[in-house]
Amino acid sequence: QVQLEESGGGSVQAGGSLRLSCSSDVGAIRRYCWGWFRQAPGKSREGVAAIDRDGSTTYAASVKGRFAISQDSAKNTLYQEMNSLKPEDTAMYYCAADVNRPRIGWWSLLQTAYNYWGQGTQVTVSS
């Protein structure tokens, strides 16, 4: 069992920035692949970014160049820096762990690839 807890969400105006954090069990960050997902009201959950234990990353086209996923193994924490936020970025954001694969791949923005999920943190972007 991997425990995950997100934080850092909030309300911001368009063009602003937020940094999300996801704390996990000791040692977990460097063992697994990690992803950030989001779900807006009335929409399905979508993959935003993923990172593996070597630091390779992948992003959804809608956030590429604006969001950055990173990890700090010393703090057992996953991050997502979000810049140039838009109203369409408004959603509940979740972090997730894929404990079955050592590397990211074409599957890494699919929620079915992930075994453990946090409870989510709300991000609201106003125009």
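Excluded from the calculations below are hydrogen atoms, water molecules and symmetry mates; all remaining heavy atoms, backbone and side chain alike, are included.
Phe37 and Ile29 are members of different hydrophobic clusters when ILVMFWY side chains are connected at heavy-atom separations under 4.5 Å. Cluster annotation: Tyr32 and Ile51 are assigned to the same hydrophobic cluster (Ile/Leu/Val/Met/Phe/Trp/Tyr, side-chain heavy-atom contacts under 4.5 Å, transitive). No path of Ile, Leu, Val, Met, Phe, Trp and Tyr side chains, each step under 4.5 Å between heavy atoms, connects Val63 with Leu109, placing them in separate hydrophobic clusters. The cluster map of Ile, Leu, Val, Met, Phe, Trp and Tyr, joined by side-chain heavy atoms under 4.5 Å apart, puts Val2 and Ile69 in the same cluster.
The side chain to side chain donor-acceptor pair (under 3.5 Å) analysis of residues 85-94, with sequence neighbours excluded, yields the pairs Arg38-Asp89, Arg38-Tyr93, Arg66-Asp89. Residue pairs meeting the side chain to side chain donor-acceptor pair (under 3.5 Å) criterion with at least one partner in residues 104-118, sequence neighbours excluded, are absent. Applying the salt bridge (Lys or Arg N to Asp or Glu O under 4.0 Å) definition to pairs two or more places apart or across chains, none involves residues 110-127. Residues in residues 4-17 take part in no salt bridge (Lys or Arg N to Asp or Glu O under 4.0 Å) pair, two or more places apart or across chains. Residue pairs that meet the salt bridge (Lys or Arg N to Asp or Glu O under 4.0 Å) test with at least one member in residues 105-117, sequence neighbours left out, do not exist here.
Residue Gln71 holds its CD atom at 7.5 Å from OG of Ser73, rounded to the nearest 0.5 Å. Atom CZ of residue Arg19 and atom CD of residue Glu81 lie 6.5 Å apart, to the nearest 0.5 angstrom. Atom OG of Ser70 is separated from atom CG of Leu78 by 7.0 Å, given to the nearest 0.5 angstrom.
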Which is it for Trp34 and Asp98 under the side-chain contact (heavy atoms from CB on, under 4.5 Å) test, yes or no, and what are the steps along the way? CA-CA 6 Å; Trp34 299 86; Asp98 172 6; over 6 Å; no
- [ ] Show your reasoning for whether side-chain contact (heavy atoms from CB on, under 4.5 Å) applies to Tyr79 and Thr77.
- [x] CA-CA 7 Å; Tyr79 299 102; Thr77 303; 3.5 Å; yes
- prompt: Where do Gln80 and Val48 land on the side-chain contact (heavy atoms from CB on, under 4.5 Å) test, with the steps shown first?
  reply: CA-CA 10 Å; Gln80 177 160 274; Val48 174; 3.7 Å; yes
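Across Ala40 and Ala91, no two heavy atoms sit closer than the pair N-CB, 3.8 Å.
Taking Ser56 as the reference, Asp52, Ile104 meet the side-chain contact (heavy atoms from CB on, under 4.5 Å) condition, with sequence neighbours excluded. Lys64 pairs by the side-chain contact (heavy atoms from CB on, under 4.5 Å) definition with Tyr59, not counting sequence neighbours. With sequence neighbours left out, the side-chain hydrogen bond (donor to acceptor under 3.5 Å, both in side chains) criterion links Arg30 to no other residue. Residues satisfying the side-chain contact (heavy atoms from CB on, under 4.5 Å) criterion with Pro87, sequence neighbours excluded, are Ala14, Val125, Ser127. Every residue meeting the side-chain hydrogen bond (donor to acceptor under 3.5 Å, both in side chains) condition with Asp54, not counting sequence neighbours, appears here in chain and number order: Arg103. Remark: Asn83 engages Ser17 in a side-chain hydrogen bond (donor to acceptor under 3.5 Å, both in side chains) (not counting sequence neighbours). The disulfide (SG to SG under 2.5 Å) check on Cys22 picks up Cys95, with sequence neighbours excluded.
A 4.5 Å side-chain heavy-atom check between Met82 and Val123 finds at least one atom pair inside the cut-off. With a 4.5 Å cut-off on side-chain heavy atoms, Leu85 and Phe67 count as touching.
One N or O on the side chain of Ser24 and one on the backbone of Asn76 form a donor-acceptor pair closer than 3.5 Å.
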